[in-house]
Amino acid sequence: MKVANDCVVSIHYTLTDDDGNVIDSSRESQPLNYLHGAGNIIPGLERELAGCEIGTHKVVKVQPADGYGEIDVDLIQTLPREAFSGVEEIEVGMEFHARGPQGQVQVVVVKDVADDGITIDANHALAGKILNFDVTIEAIRDASPEEIDHGHVH
């Protein structure tokens with residue numbers, strides 16, 4: 001069987017940045033299971049795994065546009081300290097949940113703390129980064145009708 005849309009694919013992977021720093025890995029735990037063709041993983045990786053078979057090992061370099069996107073400067077803002085009422089100590093690296101333009105909850109990260117305001121960034125932490133995946137296909141099976149209908153693995 002080959003990786004195709006509506007298949008559940010199990011992969012082991014190690015994700016590194018361009019400096020070789022490990023960002024994430026499944027190697028010490030269970031493989032990642034995803035529904036191929038449902039957008040459960042980033043597009044650049046999903047496209048590279050199409051047509052692969054069990055046991056296939058690939059090293060894949062994913063550009064930002066096919067990963068978590070380029071950095072969107074519109075998602076970086078400086079807010080007045082009053083926007084953080086109830087929070088006594090604000091430090092760089094802190095994460096907060098905020099409402100996005102369509103009312104969705106999104107994570108924002110504090111990038112700078114100054115007297116005149118707090119700079120936050122709502123970009124994904126991996127936006128703008130080249131992602132390097134070392135992937136092995138561990139298993140492939142047909143997805144159940146329920147998995148296909150729900151768009152994810154059960």
Side-chain angles (χ1 to χ4, degrees), residues 3 5-50 52 56-138 143 147-154:
V3 173
N5 287 350
D6 299 335
C7 285
V8 172
V9 182
S10 299
I11 61 172
H12 265 304
Y13 69 93
T14 299
L15 169 60
T16 58
D17 62 18
D18 263 357
D19 294 326
N21 300 308
V22 175
I23 297 170
D24 193 19
S25 180
S26 68
R27 304 274 181 202
E28 299 299 319
S29 61
Q30 298 297 313
L32 170 70
N33 299 312
Y34 76 94
L35 178 61
H36 195 84
N40 296 163
I41 63 173
I42 61 172
L45 180 58
E46 187 171 54
R47 185 174 50 252
E48 289 291 324
L49 297 179
C52 291
T56 299
H57 174 255
K58 287 189 100 167
V59 175
V60 177
K61 182 180 285 280
V62 177
Q63 297 299 317
D66 288 328
Y68 292 95
E70 299 292 347
I71 293 175
D72 182 347
V73 294
D74 291 337
L75 296 178
I76 302 170
Q77 306 176 38
T78 300
L79 303 174
R81 284 185 171 271
E82 298 81 54
F84 297 86
S85 63
V87 181
E88 293 216 10
E89 187 81 23
I90 300 173
E91 298 177 3
V92 171
M94 290 177 81
E95 294 182 354
F96 293 91
H97 289 90
R99 293 265 176 224
Q102 283 78 40
Q104 77 280 18
V105 174
Q106 63 187 57
V107 175
V108 297
V109 177
V110 174
K111 292 296 185 179
D112 187 52
V113 178
D115 291 335
D116 61 341
I118 311 297
T119 302
I120 60 166
D121 185 349
N123 284 288
H124 188 282
L126 297 177
K129 297 192 184 305
I130 295 172
L131 306 174
N132 301 289
F133 288 90
D134 184 317
V135 182
T136 304
I137 307 287
E138 299 292 328
E147 289 170 321
I148 293 169
D149 186 50
H150 292 176
H152 61 265
V153 177
H154 292 172

Handout entry: Side chain Gln104, main chain Gln102, donor-acceptor under 3.5 Å
Key = yes
Handout entry: Smallest separation among heavy atoms of Lys58 and Leu49, with atom names
Key = CD-CD2, 4.5 Å
Problem - Flag side-chain contact, heavy atom, 4.5 Å: Val3 against Thr56 - result: no
Practice task
Report yes if some heavy atom in the side chain of Ile11 is under 4.5 Å from a heavy atom in the side chain of Glu138; otherwise report no.
Solution key: no
Fill in the blank from the handout: Interatomic distance, CD@Glu82 vs CD1@Ile118, rounded to 0.5 Å, equals 9.5 Å
Practice task
Kindly determine whether Leu126 and Leu15 satisfy side chain to side chain contact (heavy atoms under 4.5 Å, CB included), including the steps that lead there.
Solution key: CA-CA 11 Å; Leu126 297 177; Leu15 169 60; 4.2 Å; yes
Exercise for the section: Answer whether the closest heavy-atom distance between the side chains of Arg81 and Val113 falls below 4.5 Å. Expected result: yes
Quiz: residues 70-78 side-chain donor-acceptor pairs under 3.5 angstrom, not counting sequence neighbours:
{"from": "Asp72", "atom 1": "OD1", "to": "Asp74", "atom 2": "N", "distance (Å)": "2.9"}
{"from": "Thr78", "atom 1": "OG1", "to": "Thr119", "atom 2": "OG1", "distance (Å)": "2.9"}

Problem - Side-chain donor/acceptor of Glu147 to backbone N/O of His154, under 3.5 Å - result: yes
Show every donor-acceptor pair shorter than 3.5 Å between a side-chain atom in residues 28-39 and any protein atom, with sequence neighbours excluded, or say none if there are none.
{"from": "Ser29", "atom 1": "OG", "to": "Ser26", "atom 2": "O", "distance (Å)": "3.4"}
{"from": "Asn33", "atom 1": "OD1", "to": "Ser10", "atom 2": "OG", "distance (Å)": "2.3"}
{"from": "Tyr34", "atom 1": "OH", "to": "His36", "atom 2": "ND1", "distance (Å)": "2.9"}

Problem - Taking every non-hydrogen atom, the tightest pair across Ile90 and Val87 - result: CG1-CG1, 3.8 Å
Practice task
With rounding to the nearest 0.5 Å, note down the distance linking CG in Leu45 to CG in Asn40.
Solution key: 11.5 Å
Handout entry: Audit row: Tyr13, Asp24, side-chain hydrogen bond (donor to acceptor under 3.5 Å, both in side chains) steps and yes/no
Key = CA-CA 8 Å; Tyr13 69 93; Asp24 193 19; 2.6 Å; yes
Could you list the donor-acceptor pairs under 3.5 angstrom formed between side-chain atoms of residues 127-135 and any protein atom two or more places apart in sequence or on another chain?
{"from": "Asn132", "atom 1": "OD1", "to": "Lys61", "atom 2": "NZ", "distance (Å)": "3.1"}
{"from": "Asn132", "atom 1": "ND2", "to": "Thr16", "atom 2": "O", "distance (Å)": "3.4"}
{"from": "Asn132", "atom 1": "ND2", "to": "Asp17", "atom 2": "O", "distance (Å)": "3.3"}
{"from": "Asn132", "atom 1": "ND2", "to": "Asp18", "atom 2": "OD1", "distance (Å)": "2.9"}
{"from": "Asp134", "atom 1": "OD1", "to": "Arg27", "atom 2": "NH2", "distance (Å)": "3.1"}
{"from": "Asp134", "atom 1": "OD1", "to": "His57", "atom 2": "NE2", "distance (Å)": "2.6"}

Handout entry: Least distance between heavy atoms, Val62 atom then Gly67 atom
Key = CG1-N, 3.8 Å
